[in-house]
2 protein chains.
Amino acid sequence: MSKDARTAETRRRLMDGAIDTIRAHGISGVSARSIATTAGVNQALIFYHFGSVDELLGTACLTSTKARVEAYRDRFATVSDLRALLNLGRALQQEERAAGNVTVLAQMLAGAQGDPKLAEATRTALDLWVAEIELVLRRILAASPVGELADPAGLARAVAASFIGVELWAAADPQGAEDGLAALEQLAVLAEVVDNLGPVARRALKAKLRGVRQ
Amino acid sequence: MSKDARTAETRRRLMDGAIDTIRAHGISGVSARSIATTAGVNQALIFYHFGSVDELLGTACLTSTKARVEAYRDRFATVSDLRALLNLGRALQQEERAAGNVTVLAQMLAGAQGDPKLAEATRTALDLWVAEIELVLRRILAASPVGELADPAGLARAVAASFIGVELWAAADPQGAEDGLAALEQLAVLAEVVDNLGPVARRALKAKLRGVRQ
DNA sequence: GTCTATAACGAGATAGAC
DNA sequence: GTCTATCTCGTTATAGAC
């Protein structure tokens with residue numbers, strides 16, 4: 001194996017090890033040693049390749065998030081109504097429980113409290129998801145009677161933050177998190193009904209919304 | 001000062017110190033020494049009074065959550081429609097940014113990953129909030145056309161988890177979190193409109209909901 | 001009940017051999 | 001580029017003086 005390939009391999013192992021360690025033990029279980037053990041690599045190599053543990057965490061988180069978002073881009077692109085978005089959200093939530101990117105982001109976010117370096121890396125990674133969600137929301141809302149009331153950018157952040165919260169919750173109370181998601185899904189039917197109103201009811205709703213909005 | 005009073009005082013200082021330390025530095029910045037410093041108390045007293053750091057965290061979290069929930073009980077009781085609930089939620093979110101109980105719970109939840117003892121304490125504390133939210137939701141939903149569609153227990157968990165997520169988000173991206181909340185608030189107007197439909201539209205909606213539900 | 005001192009260990013990080 | 005060895009510091013936890 002060439003030196004370059006060996007370097008790349010070690011860096012990859014370390015990044016994977018960092019992600020796996022966060023998933024398994026949370027941000028407070030992360031250390032240079034625990035990562036190195038998971039990666040099957042010498043501890044000192046973390047500092048040689050990344051300079052510090054925080055730096056490794058940041059790039060690992062960013063790289064893995066990029067990959068996950070990339071993996072979903074096509075599926076996001078096909079979403080054009082609320083029902084499809086809900087289905088995708090549910091699938092994403094289940095698949096990410098396996099791949100674990102949402103959990104990792106949640107843990108990074110927790111570690112970001114009082115650690116500006118981690119905070120910035122995490123913010124950048126989260127923005128990757130948010131940008132994707134915002135695009136879809138913008139598309140869907142344009143065709144909906146509530147479209148002129150809603151703020152896609154803000155909503156995208158609210159959605160992402162909720163995913164974070166649910167994923168974090170699931171670690172301590174799996175059944176509770178499941179019940180919460182099921183309840184939301186059930187309630188989202190309401191939005192679908194609104195979305196599928198006939199033209200008359202639709203106009204009436206629009207008028208009412210205009211009245212309510214300040 | 002009597003011995004009992006002195007004991008109580010020390011325990012109180014340690015619990016307050018634990019909460020303050022979590023708020024300031026996150027769960028990964030918590031240690032026996034950092035807590036003791038914040039509390040202005042000798043480090044060894046943590047082990048004398050609580051046995052371990054985890055034990056201290058658990059009881060501190062539970063005690064402070066009890067107090068916060070208690071402080072909101074009366075205000076929860078007066079809520080009888082969605083608009084009032086939204087207002088209370090917003091107030092709670094802002095006041096808790098100061099008192100910090102939601103942040104603490106979020107950090108505890110993060111620390112609970114792979115630490116069953118913390119997980120149990122956190123779950124118990126969260127349930128205090130959930131129970132309160134569930135009561136209100138049950139009351140409101142009973143009077144709403146979507147009431148028979150919704151699951152108050154599940155919804156309460158979803159709401160609480162979202163609060164957690166937003167609060168965690170706010171540490172890394174304050175503006176983003178604010179935008180997210182504002183967008184949700186705006187959209188919630190939709191639910192209010194549905195809630196205030198006339199009797200005819202209300203019956204139509206109910207019929208549609210029945211059709212959608214599987 | 002509270003303190004000092006200390007044991008036993010894990011942390012981040014670096015130096016230097018290979 | 002990777003390893004071993006090591007430094008320095010912070011960690012949990014305990015023993016024992018007061």
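In this text the structure is predicted, and so the values were computed from the model without any measurement. Numbered from 1 within each chain, the chains take letters A, B, ... in sequence-line order.
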Are any protein N/O atoms closer than 3.5 Å to N/O atoms in nucleotides 8-11 of chain D? If there are, list each pair with its distance.
| residue | atom | partner | partner atom | Å |
| --- | --- | --- | --- | --- |
| D:dT11 | OP1 | B:S31 | OG | 3.1 |

Test log, rule side-chain hydrogen bond (donor to acceptor under 3.5 Å, both in side chains), inputs A:T21 and A:T38: CA-CA 7 Å; A:T21 306; A:T38 309; 3.1 Å; yes
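Screening B:R12, B:R11, B:R6 for a salt bridge (Lys or Arg N to Asp or Glu O under 4.0 Å) with B:E9, the sole residue that qualifies is B:R12.
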Just distance, no hydrogens or angles: give the donor-acceptor pairs under 3.5 Å from side chains in residues 22-30 of chain B, sequence neighbours left out.
| residue | atom | partner | partner atom | Å |
| --- | --- | --- | --- | --- |
| B:R23 | NH1 | B:A98 | O | 3.2 |
| B:R23 | NH2 | B:A98 | O | 3.2 |

Listed pairs under 3.5 Å, donor-acceptor, residues 152-161 of chain A side chains, sequence neighbours left out:
| residue | atom | partner | partner atom | Å |
| --- | --- | --- | --- | --- |
| A:R157 | NH1 | A:A153 | O | 3.3 |

Using residues 41-57 of chain B as the side-chain source, report each donor-acceptor pair under 3.5 Å to any protein atom, sequence neighbours left out, with the distance given to one decimal.
| residue | atom | partner | partner atom | Å |
| --- | --- | --- | --- | --- |
| B:N42 | OD1 | B:A44 | N | 2.8 |
| B:S52 | OG | B:E55 | N | 3.2 |
| B:E55 | OE1 | B:K117 | NZ | 3.2 |

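Between B:R73 and B:E70, at least one side-chain N (NZ, or NE/NH1/NH2) sits under 4.0 Å from a carboxylate O, which counts as a salt bridge. A salt bridge does not link B:E132 with B:K66: every distance from a Lys NZ or Arg NE/NH1/NH2 to an Asp or Glu carboxylate oxygen is 4.0 Å or more.
Contacts of residues 44-53 of chain B with DNA chain D (heavy atom under 4.0 Å): B:A44, B:F47, B:S52, B:V53.
Contact detail for B:S34 and B:S31: the closest heavy-atom pair is OG-N, 2.8 Å.
Distance alone, capped at 3.5 Å, is enough to place a donor-acceptor pair between the A:R139 side chain and the A:V79 backbone. A donor-acceptor pair under 3.5 Å links the side-chain atoms of B:Q107 to the main chain of A:A110, judged by distance alone.
Chain B approaches DNA chain C within less than 4.0 angstrom (heavy atoms of the protein), and the contacting nucleotides run 5' to 3' from C:dG1 to C:dT4.
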